[in-house]
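Predicted model, so just to flag it, every value in this text is computed and none were measured. No hydrogens, no waters, no symmetry mates; every other heavy atom, side chains included, goes into these values.
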Amino acid sequence: MPDFCNQQLLAIHRQMPREVRYVADLRRWVMTHGALALNFSHKINPDLPSLTATNLFREVEHTGIASPNTVTSYLKEIHARGYITLLPKADQRVRAYAMTEFSEKMFYLYLQISLQGLDLIDGAGRADIASTDQRILTHMHPIFARRMLNDPVYYAPPSSIAPMLNTTIGISVLNEMTRAQKETPSYADRIYIDLGSASAMAKHYGVSRGNVARLLSKVQNAGHYGLDDRGTWVSGQLLRDHYVLQALKMAHSASAFIEAQKLSAEDASKMQLPVFT
């Protein structure tokens, strides 16, 4: 299941490196999940807070990852890139935004990949259910995002993987490392992997070779990556910490789906719409 999710997310990054880069590092990812939680919550219930800099900072303040100025700059940047659009407001001093259709579809796809990964475990058919009723994914994201944002393992990751999660290219390099094992994961100190060259990864993800090389050097200096006479290896600790993070994401996805399915059914009942089960 982790290999499936890795492959799918790496494919998206290779297809759209520029778009992914704007949300790839941990700080932007936290702000993006906070922004999407506000966006979808407001879409479901217009009486709930909309996406503004003040509201977004409230969503992420507890993580200590971003200041009010960082949040404001982030919203201006993704607005300029066309990922969010301004909403008309009575008070022109408050800049309120909504995600564009493209942005929403990208994160529907992100959730669908998680659901497909869960379905590989138990065959519950979550992804098929969600594909027939998009209201489930609309309800699901705010639930999922807020559970992730309130879990310190997510916003304060362990030191073995933190350097990679704090750079725009790092999460893809981490996925490359953890999908390319030559042997069954164990509690060995070193796990040997088939990892592409820094040049090849740079080409795939639209960055310079120097960026990838510097990142690998940082992980190597921390003792979690290296080369010896048997080949390229990553530390067992890095691998285990990555799996914990993936398990956490899957657990929050599973519980958020259950709750979102109930909320969607309630919506359908109120509107006398068909319910897909």
If you define the side chain from C-beta out and look only at heavy atoms, does anything of Leu86 sit under 4.5 Å from Tyr97?
yes

All heavy atoms of Ser253 vs all of Leu118, minimum pair found to be CB-CD1, 4.0 Å

Rounding to 0.5 Å, atoms CD (Gln237) and CG (Asp241) come to a distance of 4.5 Å

What one should report as the nearest heavy-atom pair of His33 and Phe144 is CE1-CE2, 3.8 Å

So, Thr70 and Ser73: side-chain donor and acceptor under 3.5 Å apart, yes or no? no

Check your understanding: Are Met31 and Ile78 close enough, and set up right, to give a side chain to side chain contact (heavy atoms under 4.5 Å, CB included), and what steps lead you there?
Key -> CA-CA 11 Å; Met31 290 190 290; Ile78 62 173; over 6 Å; no

Residues passing the side-chain hydrogen bond (donor to acceptor under 3.5 Å, both in side chains) test with Ser235, sequence neighbours excluded, are His224

Shortest non-hydrogen pair, Ala198 vs Ala213, comes out as CB-N, 4.3 Å

Check: Is the side chain of Asp151 donor-acceptor paired with the backbone N or O of Arg147 at a distance under 3.5 Å, no angle test?
Finding: no

Would you call Glu266-Lys262 a salt bridge at under 4.0 Å N-O? no

Practice prompt. Please examine the side chains of Met164 and Leu238, heavy atoms only from C-beta on, and report whether any two atoms are closer than 4.5 Å.
Written response: yes

Please answer whether the main-chain N or O of Gly231 pairs with a side-chain N or O of Asp228 as donor and acceptor at a distance below 3.5 Å. yes

TODO: Apply side chain to side chain contact (heavy atoms under 4.5 Å, CB included) to the pair Leu195 and Val234, showing each step before the final yes or no.
DONE: CA-CA 10 Å; Leu195 186 68; Val234 294; over 6 Å; no

Between the CZ atom in Arg209 and the OG atom in Ser197, the distance rounded to the nearest 0.5 Å is 7.5 Å

Closest non-hydrogen atoms of Val71 and Ala66, given as atom of the first, atom of the second and distance, are CG2-CB, 4.1 Å

I want to check something: taking the side chain as every heavy atom from C-beta on, are Val173 and Val219 in contact at a cut-off of under 4.5 Å? no

Paired with Leu26, the side chain to side chain contact (heavy atoms under 4.5 Å, CB included) test is passed by just one of Thr63, Ile65, Ile171, namely Ile65

Here the gap from Thr138 atom OG1 to Phe107 atom CZ, rounded to the nearest 0.5 Å, amounts to 14.0 Å

Next item on the list: Check for a donor-acceptor pair, side chain of Asn221 on one end and backbone N or O of Ser217 on the other, with a separation under 3.5 Å.
Entry: yes

Just so I know, are the side chains of His242 and Asn175 near enough to count as touching, which here means a heavy-atom distance under 4.5 Å? yes

**Asked** Do Leu174 and Met148 share a hydrophobic cluster, counting only Ile, Leu, Val, Met, Phe, Trp and Tyr and linking them when any side-chain heavy atoms are less than 4.5 Å apart?
**Response** yes

Original post:
Would Glu176 and Met201 satisfy side chain to side chain contact (heavy atoms under 4.5 Å, CB included), going step by step from the backbone distance to the final call?
Top reply: CA-CA 9 Å; Glu176 294 274 10; Met201 286 189 283; 4.1 Å; yes

Test: Asp25 and Arg27 ion pair at under 4.0 Å | no

Indicate yes or no: at least one non-hydrogen side-chain atom of Leu75 is less than 4.5 angstrom from one of Leu51.
yes

Notebook entry, point to check: In the single-linkage hydrophobic clustering (I, L, V, M, F, W, Y; side-chain heavy atoms under 4.5 Å), do Met250 and Leu165 co-cluster?
Noted result: yes

Is it true that Glu104 and Asn39 share a donor-acceptor pair across their side chains at a distance under 3.5 Å? yes

dist Leu263:CG -> Met140:CE (nearest 0.5 Å) comes out at 12.5 Å

Item to check | Sub-6.0 Å ring centroid separation between His141 and Tyr110 | outcome: no

(message) Quick check: is Ile258 connected to Ile113 through a chain of hydrophobic side chains (ILVMFWY, heavy atoms under 4.5 Å apart)?
(response) no

**Q.** Tyr108 reachable from Phe102 in the ILVMFWY side-chain graph, under 4.5 Å edges
**A.** yes

Got Phe57 and Thr72 here, is their nearest side-chain heavy-atom distance under 4.5 Å?
no

request  = Output, in order, the C-alpha distance, side-chain angles, deciding distance and verdict of side chain to side chain contact (heavy atoms under 4.5 Å, CB included) for Tyr155 and Leu149.
outcome  = CA-CA 7 Å; Tyr155 64 78; Leu149 290 176; 5.7 Å; no

Here the pair of heavy atoms bringing Pro49 nearest to Asn55 is CB-ND2, 3.6 Å

Worksheet entry | Single-linkage hydrophobic cluster Phe40~Tyr83, side-chain heavy atoms < 4.5 angstrom | yes

Report task. Consider only side-chain N and O atoms of Thr232 and Tyr225, and report whether a donor and an acceptor are under 3.5 Å apart. Result -> no

Closest non-hydrogen contact found for Leu87 with Ala98 is CD2-CB, 3.8 Å

- Message: Looking at Arg135, is its backbone amide N or carbonyl O close enough to the side chain of Ser264 to form a donor-acceptor pair, meaning the two atoms are under 3.5 Å apart?
- Response: no

When rounded to the nearest 0.5 Å, the distance separating CH2 of Trp233 from CG of Asp189 is 9.0 Å

Are Arg230 and Arg190 packed together at the side-chain level, in the sense that at least one heavy-atom pair is separated by less than 4.5 angstrom? no

dist Tyr243:OH -> Leu248:CG (nearest 0.5 Å) comes out at 16.0 Å

